[in-house]
Structures are given as structure tokens and as C-alpha cells.
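Below, chain A is the first sequence line, B the second, and so on; all start at residue 1.
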Amino acid sequence: MASDVVEKSGPRAHEAVPTFTVTMIVRRFDPEVDEEPRWVDYDLQMHGTDRVLDALHKIKWEIDGSLAFRRSCAHGVCGSDAMRINGRNRLACKTLLKDLDVSQPIYVEALKGLPLEKDLIVDMEPFFDSFREVQPFLMASTKPKDGKERLQSPEQRARFDDTTKCILCAACTSSCPVFWTDGQYFGPAAIVNAHRFIFDSRDEGSQVRMDILNDQEGVWRCRTTFNCTDACPRGIQVTQAIAEVKQAIMRGKP
Amino acid sequence: MTTSIESPRAARTVRRGGVNWEKWGWIYMRVSGVALVVLIFGHLFVNLMIGDGVKALDFAFVGGKLSNPFWQVWDTLMLWLALIHGANGMRTITNDYAHNRLVGVVVKGAILAATVVLIILGTLVVYTFDPCPAGAPTDLLPTFCTGG
Amino acid sequence: MWSWVFHRITGVAIFFFLLVHILDTALVRVSPEAYNAVIGTYKNPIMGLGEVALVAAIGLHALNGIRIILIDFWAWGTRHQKLLQWIVIILWIVLLVGFVPRHLINVFSE
Amino acid sequence: MAKTDEGTVIDGVHYHKHDVVIVGAGGAGMRAAIEAGPKASTAVISKLYPTRSHTGAAQGGMAAALANVEEDNWEWHTYDTVKGGDYLVDQDAAEILAKEAIDAIIDLENMGLPFNRTPDGRIDQRRFGGHTREHGKAPVRRACYAADRTGHMILQTLYQNCVKHGINFFNEFYVLDLVMTDVKGKDGKTVSRPAGVVAYELATGDLHVFQGKSIVFATGGFGKIYKTTSNAHTLTGDGVGIVWRKGLPLEDMEFFQFHPTGLAGLGILLSEAARGEGAILRNADGERFMERYAPTIKDLAPRDIVARSMATEIREGRGAGPYKDYVYLDITHLEPAVIDAKLPDITEFARTYLGVEPYTEPVPVLPTAHYAMGGIPTTNNAEVLRNNTETVPGLFAAGECACVSVHGSNRLGTNSLLDINVFGKRAGNNAVAYAKSADWVELPKDPTAGVRKLLDHVRSGDGSERIAVIRRELQEAMDRNAQVFRTDESLREVGDLIKTLRARYRNVQVQDKGKRFNTDLLEAVELGFLLDLAEVVVYSARNRKESRGAHMREDFPKRDDKNLMVHTMAYLAGDAESAVASDHITLDWKPVVVTNYPPTERKY
Ligand SMILES: Cc1cc2nc3c(=O)[nH]c(=O)nc-3n(C[C@H](O)[C@H](O)[C@H](O)COP(=O)(O)OP(=O)(O)OC[C@H]3O[C@@H](n4cnc5c(N)ncnc54)[C@H](O)[C@@H]3O)c2cc1C
Ligand code: HEM
Ligand code: SF4
Ligand code: F3S
Ligand code: FES
């Protein structure tokens with residue numbers, strides 16, 4: 001049986017990058033068998049341009065097909081594979097092995113704070129629930145009369161550019177210590193998506209969203225710990241977005 | 001440590017109208033924080049750094065301070081701002097960690113009670129304080145009780 | 001994250017100290033003897049070290065509190081929060097360097 | 001909305017009933033749902049959370065002749081689409097696409113999509129390959145965009161509007177079968193009509209039957225038949241495969257687009273928007289080689305031409321790197337500020353995955369399998385065809401899985417995001433109209449029988465074959481033999497390999513025996529679809545003895561308009577179990593609709 005199943009990545013020029021052995025320690029949990037999650041080690045032969053996702057694929061495709069994790073796009077745009085890698089929330093497909101210290105084992109586990117389903121898969125529903133609760137859609141009562149687009153200047157557009165990048169991967173919310181305490185806090189991702197509309201010059205529903213977030217579980221629970229900003233794979237300034245929403249609520253307008 | 005929560009985002013109760021305590025609490029923490037920096041560091045500086053520092057602390061020292069209206073106001077402000085700031089902070093922390101409603105209510109009740117009692121007590125002390133109680137040994141009293 | 005953990009711990013610690021501190025100060029209403037007896041214990045070297053811890057805690061809480069306030073109200077602060085965090089640590093050390101020797105000299109000089 | 005509806009459970013199988021059942025929650029599926037949801041009871045079934053769909057990976061833009069920044073009109077757009085598709089485009093469909101493009105953009109903007117703006121507040125537009133003014137005179141700014149994450153913004157905006165309308169989603173449900181029932185029509189003839197679909201719930205392993213009057217397939221592409229591809233791991237062509245297995249035709253499967261600028265070795269896409277903003281392709285000598293192949297529009301020639309030119313440069317020894325096996329995409333002459341504002345994501349890809357700094361270094365690129373022009377044949381109303389003229393009442397398809405055909409033999413960049421919006425909307429509207437007029441079709445006694453058989457099939461082999469090994473052998477062979485250049489020889493070689501792989505697939509090993517989140521089982525099922533589709537692609541390609549658009553036969557380098565200006569229609573007929581493709585694939589031809597543009601030689 002062929003051993004080298006994982007697709008080699010990187011152009012051939014980069015294959016000159018040495019291969020190396022790395023130990024991955026994955027927190028496995030099979031709800032049909034296990035009472036408690038358990039850590040399992042895998043020694044893998046990997047290449048210089050491989051990502052953590054490649055390593056997980058290698059385990060799944062060559063060693064144990066039952067390893068369960070989500071993934072789709074494999075280049076950091078779909079938000080499927082957020083997980084805790086060496087204690088930090090990251091996308092497996094965007095984390096190059098060579099950027100981690102491969103002389104040490106690499107610990108991989110599911111996101112914290114969301115119900116664990118199997119291996120690296122958590123239940124995303126609570127996360128999407130709070131996203132949906134902030135009414136994340138444009139609210140505008142009238143359409144432009146000429147049947148054309150609404151006008152918006154590049155400056156107005158730039159005002160909320162940062163928060164349009166969100167891919168709803170949950171890396172931020174599940175790294176927030178306030179969310180960990182009881183999961184009732186709306187969480188940074190929901191606030192980011194509210195921000196995206198509160199500061200959109202075309203939107204008329206800002207007040208509604210600000211009222212929703214001006215709540216016991218809303219923006220005021222944020223303790224500015226910056227874990228979310230550090231975790232966001234899209235480089236969104238999450239804490240800043242939250243601060244801007246707080247200020248908008250205090251002012252009573254965006 | 002458990003790594004996941006059984007049911008995050010339990011059904012939420014609709015917010016009652018009226019004053020938004022979360023927002024004002026948040027603002028209060030910041031405003032009082034700024035004021036407390038001045039008050040507390042002033043307090044600590046005077047008590048611990050000037051003269052002989054902690055060694056100079058005694059009834060006479062306190063009595064001297066508390067008979068001065070400036071320090072009376074200072075201490076009252078500090079007392080109120082700090083206690084409410086601290087109590088509100090403790091309330092936040094309780095909200096974070098008390099999963100059981102009853103526990104939360106009890107803890108917050110205790111914080112509230114302690115705070116109210118101490119604020120009243122402290123305020124009374126500051127304003128009803130007699131720096132020269134009759135019958136006290138004069139060497140313990142501020143000099144102005146005996147002197148001119 | 002860690003600055004938040006410490007902020008929380010110091011906040012709680014100060015709160016409990018404050019409860020006790022108000023009670024002991026209240027003894028001035030009881031009698032000078034009682035007050036002096038209790039306050040006397042503050043002058044003991046172990047309590048002296050405790051006071052160092054207290055000032056360190058208040059210092060950290062206060063400086064970090066100011067950092068949080070700056071972050072909350074000033075976009076520059078949000079963007080440069082890491083820098084602010086270092087400034088907090090440096091100011092805190094400066095504060096302790098100013099206070100600790102002076103205080104310990106007071107405590108241990110007899 | 002939070003918890004998915006359980007349906008009625010009978011014998012462990014969940015039954016649901018909705019007027020409109022949409023399979024796939026990418027751009028096309030959700031665009032259809034936004035039309036259908038408010039008007040009829042609608043369910044959207046998706047194997048991914050909607051926002052994980054691959055529409056979100058699209059970068060460059062969406063074409064529409066808004067004429068916001070320079071003169072343009074939809075007729076020029078139609079012409080470019082037809083010419084770009086090397087005249088295999090159905091021209092009536094292309095007209096619809098170009099005309100309705102304008103409304104499609106305005107719809108999206110009104111739904112909240114944050115397009116980049118011109119200084120006067122209108123939607124900004126940029127250049128893209130193959131889009132020209134006055135029938136090929138010069139590149140035109142036609143692509144509406146939101147930085148280089150246009151697809152992301154479309155997907156998010158559509159999902160947001162689905163949330164607004166409270167659309168009923170069934171996420172992480174894999175549709176594995178389409179249930180067809182023979183019904184007596186009004187004219188007394190029996191017709192086969194869809195009664196519903198059967199889905200496998202990933203979380204529990206339960207089977208769900210979704211009965212629907214109208215069924216819409218919007219399951220996206222199948223780029224994973226290739227190894228080097230811009231497509232997601234999940235783009236395994238399930239929907240196309242399901243329809244194929246029902247004996248319905250697939251159209252133009254030999255036409256698969258290779259995007260010129262994938263990150264070398266990885267396939268991750270660097271959008272054509274880069275060239276739209278001025279990026280230049282260079283060979284090892286630093287020469288701007290596109291000047292030789294397309295003197296007028298150079299680097300902005302359509303993708304088939306650019307990909308072929310690149311492959312030719314490499315073949316003739318002008319490739320860069322130690323193995324001379326890639327070329328460069330150069331944006332070093334662009335201002336870093338422009339790059340940051342207009343191409344932030346793709347520069348980050350180059351940095352993250354290749355460690356190349358695009359501000360100062362050219363980026364190694366190679367053609368990467370990108371887009372399936374072919375798929376489930378439909379009318380302009382998104383109705384699925386059962387043959388050249390008749391439709392399957394109640395069955396619709398839209399998006400990359402469908403073939404209308406607006407892309408002919410080569411899709412123009414930015415026309416696919418347009419396709420999913422225009423035809424997604426049409427599919428939604430027509431599905432509602434049909435559901436309002438039609439009666440329910442009875443489900444057969446045991447609607448899940450087919451899926452149970454399928455699952456047993458992959459679970460019951462002797463387990464001597466690894467999923468990943470078969471898949472890799474398939475993908476590598478497809479890359480080698482059915483990529484930019486093809487010959488009878490190469491196609492026969494990969495065809496023979498597929499034959500053996502199909503036999504080996506019977507003994508595929510599923511290691512995960514559990515019910516919950518059994519992704520192993522589903523990878524095995526997906527591999528089955530990949531093998532089926534690869535077989536059709538290769539078989540159709542071998543039988544098209546000409547070169548047209550993305551299909552370049554070196555043994556037949558000329559376009560043959562006399563005999564082959566027709567669509568390929570492939571049917572599964574005969575012995576499906578036989579390993580030999582010709583035993584179960586029948587080919588037929590369908591005429592191309594020509595309105596205004598008779599085929600001429602394609603020069604840029
Ligand atoms: C990297 C990249 C860049 C691109 N850039 C552009 C561009 O700039 N401009 C342009 O016009 N086009 C672009 N394209 C093409 C365009 O993005 C796609 O063709 C288009 O988004 C396809 O949309 P879709 O809705 O048909 O499919 P997808 O978005 O792929 O959605 C497919 C849906 O079907 C579901 N599904 C699949 N199988 C099943 C099943 N068995 N059961 C249930 N659900 C299932 C999936 O969950 C998913 O929700 C690009 C493509 C790629 C890959
Ligand atoms: C010296 C000046 C002080 C400043 C500048 C200050 C500032 C702050 C600020 C800004 C917060 C809010 C933090 C947040 O929302 O994340 C806070 C919280 C808190 N403070 Fe203070 N504070 C000071 C003194 C005190 C004192 C004297 C006490 C004790 C009585 C105290 C106890 C607390 C507590 C318990 C919290 C809650 C901590 C948490 O939620 O994690 N603070 N402080
Ligand atoms: S804000 Fe960032 S980390 Fe949070 S969900 Fe969005 S993309 Fe993920
Ligand atoms: S991690 Fe949490 S506390 Fe605030 S700054 Fe981010 S939401
Ligand atoms: S697989 Fe899509 S973000 Fe990682």
C-alpha cells in the first residue's frame with residue numbers, strides 16, 4: 001500500500017524543503033464509545049510547506065479513517081476548520097507546520113466553549129444562534145427610486161470594511177474567556193457582524209441592533225481581553241469593533 | 001477543567017425596560033476608576049509615604065486628618081466610589097461564574113448587604129467622629145485636643 | 001488575557017481588603033486604644049510585606065484600569081494595546097521601585 | 001430556526017414535506033431560496049453550513065454592463081460571453097445572462113452587498129479577462145467587485161437575507177439520492193417526476209426523506225476529479241453524480257476550465273483580478289509572453305488561451321524555477337497601497353502558503369483545475385432536460401452543477417457569480433410557480449432503498465482499498481492526461497486507469513463504523529461520484545475530436561464547426577456495473593442556439 005497519500009503541496013522547487021517528523025497529539029472523542037476525551041499521539045513524516053490540515057488528512061487518510069474534523073476550502077476562506085492548535089485558536093488550513101515548533105509535539109483539540117460532538121467537531125448551533133440574534137442583514141425600508149444602487153461613498157464603505165471580512169469560523173467567540181464562563185454572552189463574532197451593519201450608511205436598523213447588544217449578555221460583558229483579536233484568522237480588529245459598538249450605544253447613534 | 005459548556009445560549013429572557021444598568025455600570029466603572037486613581041494614590045501617598053510612613057499611623061494621625069473637612073470629603077468620596085466600584089465589579093464576576101441562579105442571587109445579595117452596611121458605617125464614622133473623645137488618654141489624641 | 005486575569009484577581013483582593021479596612025478604621029469611633037491596637041498590627045514586618053502586596057495590587061489594577069479606559073475610548077489605544085500593556089508593566093515597576101524601598105525602610109527601621 | 005426540524009419519524013427514517021426542496025446552499029441555492037422562501041414552504045439542504053460553500057472562495061468579481069465607469073452595454077457583454085465560450089454558448093441564454101446581470105447586481109446591492117465604490121458613490125468596476133468594448137476592441141471595466149472577496153460577500157449577503165426571511169436550513173445533510181416516480185401525465189403519457197430527495201444527516205447518521213413538488217439542484221462543481229485545483233475538498237460533484245445515476249443526461253462534460261494563476265503546486269487561486277489591476281505574466285527570462293499569444297488584450301485574454309500559452313512556455317523550456325515548471329505572476333510594479341486596497345487576500349495567500357512577498361517578488365503560478373462548464377443540462381428557465389427537448393417536470397438545476405449553457409466551452413471570469421445569481425433566481429421563481437400548479441408526487445414504498453444500497457455497497461467491500469489511494473491515483477492521472485492539453489492517447493490512458501479504479505472501488509475500506517459524524521463513510525461515497533464523473537469527462541473528451549475553448553486536443557488542433565458545433569449529451573445507459581465505459585455511456589449531440597453571432601475565428 002502506498003504510504004505517501006497526502007498530496008504533496010508546494011511547487012516542486014519547494015519540495016527541496018526538507019521533510020521532517022512531527023508528533024501530533026490529537027484530542028479524540030468518539031461519543032459512541034468514549035466517556036471522556038483522550039489524547040492520541042501520531043508520528044508523521046511531513047514536508048516543509050505542509051499545514052496542520054495536511055497532517056490531519058495524513059492521519060485520516062493513512063492511519064485512522066475515523067478521525068473526524070471539518071474542512072472545505074483548505075485556504076482559509078470558508079471557516080470550517082477552526083480548532084485549538086497548541087492552545088491557540090487557529091484555522092488548521094492556515095497554520096503551516098514550519099511556523100510551529102516541530103521539535104515539540106503539536107497539540108490539536110476542538111474549540112473550547114462549544115459542545116463537543118466528536119474529535120475535532122463541535123456543535124456550531126449556539127454560535128450561529130447568537131449571530132442570527134443580532135439581525136445580521138441590511139434593513140432599509142425604501143429602494144432607490146431610479147431602480148439603481150444606493151449611493152455610498154468610498155469613505156462610508158471603508159467605515160465597516162474590516163468587519164465584512166468575517167467568515168464565521170468561531171475562533172474568536174470560542175477563545176473569549178467571558179464566553180467560556182457560561183456561553184450566554186453574545187460573543188465577539190455576533191458583535192462583529194452587528195458592527196458590519198451598524199456602521200453601514202445604507203442601514204436603518206442600527207438602533208434595533210444596538211438595543212439588542214445593550215443587554216446583560218451584550219457588549220458590556222466584554223472585558224477587553226483581546227483574545228478574539230489575537231485569534232481572528234482574517235485579521236479583523238475585533239476588540240476595536242466591539243469598542244466602536246459600545247461607543248455607538250453610549251452616543252445613541254452610530 | 002471541562003472544555004465545553006452543556007448548553008451555551010440558553011433561551012434568553014427579553015430585556016425589561018427602564019434604566020440599563022449594564023451600560024451605566026460599565027460607564028460608572030470607568031468614571032469612578034479615574035477618580036479613584038487620584039483619591040487612592042493621594043490617600044496612600046499621605047498615609048504611607050510622607051513622614052515616617054506606616055509607622056506614623058495611629059489614632060492621633062487619623063484624628064488629625066478626619067477633623068479636617070478637606071480629608072472628610074476626600075475619604076467619603078473614596079469610600080463611596082471604591083465600595084460601589086468594587087461591589088459592581090464583584091457583581092460582574094458573580095454573573096460570570098455563578099451558573100446556578102440561586103447561588104448568584106445569594107452571593108450578589110451578600111455583596112450588596114456588605115456594601116450598604118459598610119457605606120453607612122463608614123460615612124457615619126467620618127462625620128460623627130470625635131477626635132477628642134472624653135476620658136481618653138491624652139497621649140493618644142491629636143495634639144490639638146490638649147494644646148491651644 | 002493575562003492582564004485581564006490579574007485585573008480580576010487584584011480587583012477581588014482589593015475589595016476584600018477594603019471591607020476589612022473600613023471596619024478597622026471604624027474603630028476610631030470605638031476608642032483610640034482599640035484603633036491603635038489594631039493599627040499597630042499594620043506596623044509589624046509581616047503586615048509590612050502585606051502592604052507592599054496591597055500597593056502592588058492596587059497599582060497594577062489602577063494602571064491596567066487606565067489602560068482599559070484608554071482602549072475603550074481611544075481607537076489608537078485599541079490598535080496599540082500591546083504597547084500599552086508594556087507601558088503598564090513599566091510604570092508599575094517604576095511605582096514599586098519608588099515605593100517599596102521607602103516603605104520597607106519605614107517598616108524595618110525601629 | 002435554531003434546531004433543525006426533526007420531521008415525522010417512521011421506522012427510524014425522518015420524513016419532511018416542502019413545496020420546494022433546494023439541494024445546496026451555495027450562491028445558486030441561496031439565491032433560489034430567497035425567491036422561493038417567502039412564497040412557498042421551502043427547505044434548503046446542504047452538506048456544509050451555508051457560509052462554508054465554495055462560492056465564498058470566489059475573488060475577482062461579477063460581471064454586469066452597468067457602465068458606471070465607462071461606456072458599456074449588455075450586447076457587448078453577450079458578444080464577449082459567446083466569443084469567450086468559443087461559440088459553443090447558447091446565445092439566447094447568453095443574452096438573458098447579460099441583460100439580467102444588471103438587475104442581479106442591483107438586487108445584491110439592495111440586499112446589502114458592500115461593493116467597492118467609485119468616488120461618486122456608484123458601484124466600482126474593473127477589468128477582467130475576455131471582457132471588451134465594441135466587440136473586442138479593448139478591455140472594458142465590467143466586473144463589479146468587493147475587494148478580492150466578491151464571492152465571500154455574495155455568499156454572506158445571501159445567507160444574511162436567508163436569515164432575514166427565516167429560511168429553513170438543513171445543514172450538514174448529504175443528499176445522496178433523487179427519488180423519481182412514474183406519473184401519468186394529462187396527455188396520458190407516463191413521465192418520470194421527482195418525488196423528493198434522500199439525505200444522510202452527518203451528525204446522527206439518520207436518513208431523511210424530503211418530499212417536494214419542485215426539487216432544485218445547486219450543488220456546485222466537481223473540481224476534485226483533479227489534483228491541482230482551486231476547488232474545495234467538498235466539491236465532489238455529488239449532485240451532478242446523483243442526476244447522472246438517474247439516467248438523465250450530462251452536457252458538455254469534456255469542457256473543464258483551467259485557471260491560469262493557481263499558486264504553483266497548491267492550486268490555491270490568485271484571482272484574475274490581479275491581471276485586471278495590471279499584473280503581468282512572465283516566463284523565466286522575464287518576458288511578457290502573452291504579447292505573443294494575444295497581442296491586443298495580452299494578459300487579459302480568456303483563460304483557456306492564457307492557460308495554454310503558459311503550458312506552452314513551460315513545454316518549450318521557458319518555465320521558471322529549478323525544474324522550469326512554472327511561470328511568474330508579477331505585481332511588483334503596482335503600488336503597495338493599490339495592492340492592499342484591491343488585492344489584499346490573494347497577496348496574503350502568496351505570503352502564507354509560498355512565503356513569497358508579492359510587493360517585491362513575482363509569484364510562481366501554474367494553471368489549476370477551476371470550473372466545470374458542463375453539468376446538468378437545463379433550459380433558460382433552469383428546468384432540467386431529460387433529452388434535447390423535453391424537460392423533467394419539477395426538477396431544476398442552477399449554478400456550477402448546471403449547464404444552461406452560457407459558458408460554452410470556456411467560461412469568462414466573473415460570469416459564474418453572475419450565472420448563479422441570474423439562474424439561481426430563475427430556478428427559485430420557476431420552482432415556486434411549478435409547485436403552485438402541480439400536485440404532490442407519491443413517494444415509492446421504500447424511498448430510502450437506493451441510499452441504503454449505496455451505503456451498504458461502500459461498507460460491504462473486503463476493505464483492501466484505501467479511499468485516499470484511489471482518489472489520489474485518479475486525481476494524478478487526470479492532471480497528467482486530461483488537463484490543458486489532451487490527446488487520444490492520454491485520454492485512453494486515464495480512461496483505462498479509471499476502469500481499474502472503479503473495480504478497486506468496490507473493495508474500498510471504510511474504517512469508521514460509527515453513526516455520528518462519519519466523515520469516512522461520506523468520503524467513500526463522494527469518491528464514487530468522482531469516479532463516475534471523471535469517467536464521463538474523459539469519455540466525452542475522447543469523443544470530441546476537435547479543439548475548442550478549454551478542450552485542446554493536440555491530435556485535432558482545429559475547431560470543427562462543420563461537424564462539432566454541438567453540445568455533447570452523455571447518458572448512463574446499459575450495463576452500469578460494467579467497468580468498460582462504452583458499455584454504459586451513450587453519447588448524443590444537441591444543437592447550439594445561435595442568434596446573432598455566427599462562429600468566426602477567435603483572436604484577441
Ligand atoms: C477559487 C475560486 C474563485 C472563483 N472566482 C470567481 C470569480 O471571481 N468570478 C466568478 O464569476 N466566478 C468565480 N468562481 C466560480 C464560482 O465561484 C463558482 O462557480 C460558483 O460560486 C458556484 O456556486 P454554486 O452555488 O453553484 O456552488 P457552491 O457555492 O460550490 O455550493 C455548492 C453547495 O452545494 C452543497 N452540496 C454539494 N453536494 C451536496 C450534497 N450531496 N448534499 C447536499 N448539499 C450538497 C454544498 O454544501 C454547497 O452548499 C471562482 C471559483 C473558485 C473555486
Ligand atoms: C485605583 C483606581 C482604580 C481604577 C483605575 C480601576 C479601574 C477599573 C476598571 C476600568 C474596571 C472595569 C474593568 C472591565 O470592565 O473590564 C475595574 C473593575 C474592577 N475593579 Fe477597579 N479600579 C480601581 C480601583 C478599584 C478598587 C479600590 C477596587 C476594590 C474595591 C476595585 C475593584 C474592582 C473589581 C472587583 C472589578 C471587576 C473586575 C472584573 O470584572 O474582572 N477597583 N476597575
Ligand atoms: S471575527 Fe474573525 S475569528 Fe470571529 S468568526 Fe469572524 S473571522 Fe472568525
Ligand atoms: S475575547 Fe472576549 S472579552 Fe472582549 S475583547 Fe474579545 S470579546
Ligand atoms: S478549510 Fe476553509 S477555512 Fe480552513
Side-chain angles (χ1 to χ4, degrees), chain B residues 26-27 29-34 36-37 40-41 43-45 47-49 51-63 66 75 78-79 82-83 85-87 89-90 92-93 96 111 114-115 117-119 121-122 124-126 128-133 135-142, chain C residues 7-40 42-45 47-48 51-52 54-55 58-59 61-70 72-73 95 98-99 102-110:
Chain B
W26 186 88
I27 295 173
M29 289 307 270
R30 276 131 251 265
V31 174
S32 61
V34 173
L36 282 170
V37 173
I40 292 186
F41 282 97
H43 175 81
L44 287 175
F45 191 73
N47 286 17
L48 298 182
M49 292 293 277
D52 288 337
V54 69
K55 284 282 145 66
L57 280 187
D58 57 13
F59 184 85
F61 177 84
V62 176
L66 283 188
D75 280 12
M78 192 164 67
L79 173 75
L83 264 179
H85 176 104
M90 295 299 288
T92 313
I93 298 177
D96 278 357
I111 294 170
T115 308
V117 167
L118 285 181
I119 285 185
L121 177 73
L124 284 177
V125 168
V126 171
T128 64
F129 174 67
D130 175 359
C132 312
T138 46
D139 57 332
L140 297 180
L141 300 180
Chain C
H7 192 80
R8 185 155 270 199
I9 294 172
T10 52
V12 174
I14 303 165
F15 182 71
F16 282 112
F17 165 77
L18 187 61
L19 296 185
V20 176
H21 186 52
I22 294 171
L23 286 175
D24 66 49
T25 306
L27 291 175
V28 293
R29 251 333 247 126
V30 178
S31 75
E33 290 89 345
Y35 180 77
N36 280 356
V38 172
I39 211 74
Y42 280 82
K43 296 165 188 167
N44 143 330
M47 287 304 279
E51 276 149 30
V52 170
L54 176 72
V55 170
I58 295 183
H61 186 95
L63 288 168
N64 192 51
I66 293 168
R67 170 180 153 269
I68 293 173
I69 295 169
L70 289 178
D72 283 333
F73 293 97
L95 174 86
F99 169 76
R102 171 88 177 81
H103 179 71
L104 289 186
I105 289 167
N106 280 339
V107 170
F108 289 99
S109 65
E110 192 57 46

- Any side-chain heavy-atom pair of W26(B) and D72(C) under 4.5 Å: yes
- Test side-chain contact (heavy atoms from CB on, under 4.5 Å) applied to F15(C) and I111(B), step by step: CA-CA 10 Å; F15(C) 182 71; I111(B) 294 170; 4.2 Å; yes
- Of the backbone (N, CA, C, O) and the side chain (C-beta and beyond), which part of F45(B) lies under 4.5 Å from a heavy atom of chain C, both, or neither? neither
- Side chain from CB out, backbone as N, CA, C, O: work out which of these in D96(B) comes under 4.5 Å of a heavy atom of chain C, or both, or neither. side chain
- What distance separates I22(C) CD1 from L121(B) CG, expressed to the nearest 0.5 Å? 8.0 Å
- Message: Just verifying a value: how many Å separate F73(C) CZ and R30(B) CZ, rounded to the nearest 0.5 Å?
- Response: 6.5 Å
- What part of L19(C) lies closer than 4.5 angstrom to a heavy atom of chain B: side chain, backbone, both or neither? both
- Note on the structure: Correct closest heavy-atom pair for V37(B) and A62(C) would be CG2-CB, 4.5 Å
- Message: Can you tell me how far apart NE2 (H43(B)) and NE2 (H21(C)) are? Round to the nearest 0.5 Å.
- Response: 4.0 Å
- Task: Starting at CD1 of I58(C), measure out to CZ of F41(B) and round the result to the nearest 0.5 Å.
- Result: 7.0 Å
- Message: Can you tell me which portion of F17(C) sits under 4.5 Å from chain B's heavy atoms? Options are side chain, backbone, both or neither.
- Response: neither
- Message: Which one wins on heavy-atom pair count under 4.5 Å against chain B: L27(C), I69(C), L95(C)?
- Response: I69(C)
- Item | Interface residue of largest heavy-atom contact number with chain C, from T115(B), I93(B), V34(B), L36(B), under 4.5 Å | I93(B)
- Query: Which bit of L118(B) comes within less than 4.5 Å of chain C, counting heavy atoms only: side chain, backbone, both or neither?
  - Reply: both
